[in-house]
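A quick write-up on the structure given underneath.
Within every chain, numbering begins at 1; the chains are lettered A, B, ... in the order of the sequence lines, protein sequences first and strands thereafter. Quick caveat, the model's predicted, so the values are computed rather than measured.
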Amino acid sequence: MEWKVIQLILWLIAGIVSFYFSLGNARVWTSIALGFFLILIGEFIPQAIPFLPGIEVPYIMAMSMVVGTIAILLLSHGFQEYYVFSRTLELEGRRRNVYFVTAAVIAASLVFLLINPTPTERTLEIIRVVENANWVFLSLINIDLIRKIYLNVQDSPISKGFLAFLAVFFFIVLWKGSELYIQVYALQELAMEYPFRYHFSLLVHNVGSVLASITVGATFIYLARVLR
Amino acid sequence: MIFLPKGISVKENINPARVNLPESLKKLQKAGFSGYLRFASSAGNGVVLFDAGRMVSVLRQEGAGVKRGAEALTDLFEFSMEGRMALHIYRLSSPLVARINGLLQAPARYRDQEVKLIDFRGLLTKLKSESFSGGILVYADERVALIFYEKGEPLGFFNDGSGEIETTADLSMSVARLPGARITLLNAPAQPEAAPSDLLETVDPGALWLEARSRVARRMKARQSEIERKKALQEEEIRQKVLAFLKDVASRHLGKMGVALAEKEFEKALGEGRKVSAEVVEEFCRGIARTAKLVAGPSTVNAMLLEIRSGAAKLL
């Protein structure tokens, strides 16, 4: 079975689990769970293209990458909220607002794409680089944030969940970082010249994606068991 | 010396807190009253002696200390206002008052000697040989007798229920025979002072009354603030106990974050100046249930709430 199919199935499961988790839990989890759910849309519509005929429309490709970027922004926001909660024990906002604001940002992004020229191959490539760069650097920041959250909630029932999130973001860094590396150095075009670098990066990208999807699904299943 | 025989009862067991004492003293003065007012309390006694309307002596005794005159009268007013005393009024004949007044001024030679431990007959012989003048106060429980001596000879007796100096010794001696009977031997001048001055002419009972009132007010204020301080300490103690309990339970169910959550939610539930109560604990439970959901599941939270509710009920 191809890497893309495995990734698609695993992220589909992870996305469904995280979205289901976002519905029945405390407000602070909404951004985190919704962020992981958006990975399903943002990342795997492009992955599913070979299996979904007629989806090569550049707007859809561009939109999926924008949603991917929104996903990591939402995740980072969620972990920041949890960190603030773990420090101040104060929590504000409503779950409904998170859904509305996320939907509004996605809608605004769509409008932005539609009022601009049809994305070319180059535009899509730049959007993809921006998305991956966001993922890599925000994931690194999230790793530090989650480490701090873990220290704050160390011996609470949920603490192991944050260790799992550390693993999730580690795999995401591998997954997105290797793709960014390929993009920045255009290794796809230089594959003949640098075969090891290209193939190793591609392997790391695929393995990272699979492991990230498995850990996301497993983490939310674990959290659901602890919190419900 | 404050234990005097009762005399002829005019009024007994009055609560002096309900009496305007300066006015009452003026009335007794106007009525030419002879006798004494006895202020009794567990802490000490007081005597106000009247002779034909003249307030001739005021004494207050507390423990071994004796106060006289205005100072004693202020104390009696003060303790009366506080409801710490019972007032008894007894009528006596003027000569008896004069004799008692002499003794009230006298120093005690022996005080509170237990009769069974002394050679009573030997003492009487000794007093005779010394030409003793004064009085022997004999008392046991509530019964009191006073034997007056002059130049070594018994002059007369003052027994409970009598307003005169009597010549029969039986009752006095029967008090001496009661279990636990004690005597106090008082020296006195051979002749009582001819006409002691009227203290009502030299002191202003109204002013003393006001002074006593302000003292009582100060003391009550101090007492009130002491009560409030103790109450606050007690409440703080309960608060600390309950908080320690809540932190302990939260820590066991939620880890160290539970401790912080418990502190925060407890402060929130207490709000401004609220005392720890079942309502506060209930509010705390609602608050911590909301925030604990972020770090633990419902079964953990419910088990914690159950333990908090049952444990806190025992502490309150």
- Query: Considering only heavy atoms, which portion of A/I149 lies under 4.5 Å from any heavy atom of chain B: side chain, backbone, both, or neither?
  - Reply: neither

- Note on the structure: Under a 4.5 Å heavy-atom criterion, the part of residues 72-87 of chain A in contact with chain B comprises A/Y82, A/F85, A/S86

- Item | Close contacts, residues 153-162 of chain A versus chain B, judged by heavy atoms under 4.5 Å | A/V153, A/Q154, A/D155, A/S156, A/P157, A/I158

- Determine, step by step, whether B/E265 and A/L89 satisfy the side chain to side chain contact (heavy atoms under 4.5 Å, CB included) criterion, reporting the C-alpha distance in whole Å, the side-chain angles of both residues, the deciding distance to 0.1 Å, and the verdict. CA-CA 9 Å; B/E265 292 302 335; A/L89 308 176; over 6 Å; no

- Around B/E12, counting heavy atoms of other residues, nucleotides and ligands shown, do more than 12 lie under 6.0 Å from its CD? yes

- Could you grab the distance from atom CG of A/N152 to atom NZ of B/K256, nearest 0.5 Å is fine? 6.0 Å

- Has the side chain of B/K264 got a donor or acceptor atom that lies under 3.5 Å from a matching backbone atom of A/E90? no

- Task: Residue by residue, scan residues 244-255 of chain B and write down, ordered by number, those that have a heavy-atom distance under 4.5 Å to chain A; if none do, write 'none'.
- Result: B/H253, B/L254, B/G255

Donor-acceptor pairs are to be reported for all side-chain atoms of residues 292-301 of chain B against protein atoms at under 3.5 Å, with residues two or more places apart or in another chain.
none

- Item | A/Y181, OH atom: more than 12 neighbouring heavy atoms under 6.0 Å | yes

